[in-house]
Amino acid sequence: MLEELKKKVYEANMELPRRRLVTYTWGNVSAIDRESGLFVIKPSGVDYETMSPEDMVVMDLEGNRVEGRYKPSSDTPTHLELYKRYADIGGVVHTHSPEATAWAQAGRSIPLYGTTHADYFFGEIPCARSLTPEEIGGEYEKNTGLVIIETFDGRKIDPMYTPGVLCTNHGVFTWGKDAAEAVHNAVVLEEVARMATKTELINPQVKPAPDYLRDKHFFRKHGENAYYGQN
C-alpha cells in the first residue's frame with residue numbers, strides 16, 4: 001500500500017541525518033496521499049541505520065494505523081492535525097535541530113533579518129506559546145498541533161508562505177507540498193536560525209529587514225509573478 005509514497009518518505013527521513021538536523025532518532029518526516037486520505041510516517045524510535053522503506057507506517061486521518069509492523073512516530077498526532085487543518089500541506093518534518101531549537105527553547109520567534117530568510121519565509125518564523133499543564137498532561141502531541149494551528153490562524157499567517165514554526169521548549173516543525181520540500185524548508189530554517197543568532201551577537205540592536213525588501217525577495221520566488229529560476 002502506497003509503496004511509492006513510503007519510498008519518498010523513507011528517503012526524506014534519511015536526508016535528516018545527512019543534513020545534520022537530527023541526532024539518533026530525534027526527528028521524523030511524513031507525507032500524505034490526499035486522494036486516499038492516508039499518510040505515511042516514520043516508525044517510532046527506529047534507528048536510521050537500520051530503517052527501510054518497508055518500515056514506514058501508513059495512517060489514516062482518524063489516527064488509526066492502517067499498515068505497518070511498527071508503531072508510528074510519537075509525533076504522529078501533531079502531523080495529523082496539520083494535515084487536517086491545511087489542505088495544501090503535503091509533507092511535514094519535525095526535528096530538534098540545534099540552532100533553531102535554541103530559539104524555541106528561548107521562546108523566541110526568529111525575526112526576518114535578511115534576504116536568505118525572505119526567500120523562504122514571509123516574515124518572522126513564529127514561536128508558538130507554551131502548552132498549559134493540562135494540555136501537556138492530556139493529548140500532548142495532538143495539543144502541540146492545535147497550538148501550532150492557533151498560532152497561525154490567530155496571527156493570520158499563511159502556512160504556505162511561512163512553512164515552519166518553533167514550539168516553545170521543544171523543537172521545530174516545517175512543511176511543504178511534499179516530504180522533500182518539507183525537508184528542504186527544515187534545512188533552510190536551521191541555517192536562518194544560525195544566521196539570526198550570529199546577527200544578534202554582532203549587533204544586539206539590529207532591526208528586522210524592511211518590508212519592501214522582504215516582499216521583493218519572497219515574491220520573486222513565490223506566487224504568480226515569480227521569476228527566479230527556470231521555467
Side-chain angles (χ1 to χ4, degrees), residues 21 26-30 75 77-132 135-136 140-177 181-200 204 206-215 217-219 221-223:
L21 295 185
W26 305 353
N28 44 75
V29 183
S30 71
D75 296 299
T78 309
H79 293 237
L80 190 156
E81 292 302 322
L82 294 174
Y83 287 133
K84 285 166 54 176
R85 178 66 183 88
Y86 302 118
D88 290 336
I89 291 180
V92 176
V93 172
H94 173 51
T95 76
H96 293 250
S97 58
E99 298 288 340
T101 299
W103 285 79
Q105 291 182 168
R108 284 192 60 192
S109 301
I110 303 176
L112 192 156
Y113 286 136
T115 60
T116 308
H117 183 138
D119 281 340
Y120 289 88
F121 300 93
F122 188 62
E124 70 175 15
I125 299 165
C127 188
R129 67 168 174 84
S130 298
L131 274 67
T132 66
E135 288 168 332
I136 292 173
Y140 170 56
E141 291 83 4
K142 175 179 179 178
N143 289 330
T144 298
L146 294 177
V147 166
I148 293 171
I149 292 166
E150 173 192 300
T151 300
F152 277 74
D153 290 1
R155 301 185 196 181
K156 295 181 170 54
I157 301 171
D158 184 335
M160 302 313 290
Y161 275 16
T162 303
V165 68
L166 308 177
C167 294
T168 299
N169 305 128
H170 185 183
V172 186
F173 285 88
T174 59
W175 46 83
K177 68 178 185 294
E181 185 175 89
V183 171
H184 187 95
N185 290 333
V187 174
V188 173
L189 196 156
E190 178 71 354
E191 290 302 313
V192 165
R194 190 192 320 275
M195 292 180 196
T197 300
K198 291 185 176 182
T199 298
E200 292 195 357
V206 65
K207 303 296 182 185
D211 289 351
Y212 56 82
L213 184 65
R214 174 202 67 192
D215 294 355
H217 270 262
F218 186 82
F219 289 113
K221 293 187 75 171
H222 307 272

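For the numbers below, each heavy atom of this structure counts, side chains included, while hydrogens, waters and symmetry mates do not. Throughout, residue positions are numbered sequentially from 1 according to the sequence presented.
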Return the minimal non-hydrogen interatomic distance between [X] and [Y], and the atom names on each side.
X      : Y      : value
Ser30  : His79  : OG-ND1, 2.7 Å
Arg155 : Ser109 : NH1-OG, 3.9 Å
Arg214 : Gly123 : CD-N, 3.9 Å
Leu189 : Gly164 : CD1-CA, 4.1 Å
Asn185 : Gly176 : ND2-CA, 4.3 Å
Cys167 : Ala104 : O-CB, 3.4 Å

Quick check for you: to the nearest 0.5 Å, what is the distance between [X] atom [atom1] and [Y] atom [atom2]?
X      : Y      : atom1 : atom2 : value
Tyr120 : Glu181 : OH    : CD    : 9.5 Å
Ile110 : Thr197 : CD1   : OG1   : 7.5 Å
Cys127 : His170 : SG    : NE2   : 12.0 Å
Glu150 : Arg85  : CD    : CZ    : 12.5 Å
Phe218 : Thr162 : CZ    : OG1   : 6.5 Å
Met160 : Phe152 : CE    : CZ    : 10.5 Å

Candidates Asn169, Asn143, Leu146 - the one meeting side chain to side chain contact (heavy atoms under 4.5 Å, CB included) with Leu131: Asn143
Could you point out which residue of Leu166, Asp153, Thr78 forms a side chain to side chain contact (heavy atoms under 4.5 Å, CB included) with Ile148?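 Going through Leu166, Asp153, Thr78 one by one, the side chain to side chain contact (heavy atoms under 4.5 Å, CB included) with Ile148 is satisfied by Thr78 alone.
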Heavy-atom side-chain proximity of [X] to [Y] below 4.5 angstrom:
X      : Y      : value
Phe121 : Val188 : yes
Thr174 : Pro163 : no
Leu21  : Trp26  : no
Ile125 : His117 : yes
Val165 : Trp175 : yes
Glu81  : Ile149 : yes
Ile89  : Tyr83  : yes
Leu213 : Leu112 : no

Using the side chain to side chain donor-acceptor pair (under 3.5 Å) rule, pick out the option among Lys207, Lys198, Glu124, Glu200 that qualifies with Tyr113. Glu200
Quick one: sort the His94 and Phe173 rings into parallel, tilted or perpendicular, breaks at 30° and 60°.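 Aromatic pair His94/Phe173 classed parallel.
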Thr116 backbone acceptor or donor facing His217 side chain under 3.5 Å: no
Donor-acceptor pair, Thr101 side chain versus Gly171 backbone, under 3.5 Å? no
Pair Tyr86, Asp158: side-chain N/O donor-acceptor within cut-off below 3.5 Å: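 No pair is found: no donor N or O on one side chain lies under 3.5 Å from an acceptor on the other.
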Evaluate side chain to side chain contact (heavy atoms under 4.5 Å, CB included) for Arg129 paired with Thr151, printing each intermediate quantity in order. CA-CA 8 Å; Arg129 67 168 174 84; Thr151 300; 5.6 Å; no
Taking the six-membered ring where the residue is Trp, are the ring centres of Phe219 and Tyr161 under 6.0 Å apart?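 Centroid separation for Phe219 and Tyr161: below 6.0 Å.
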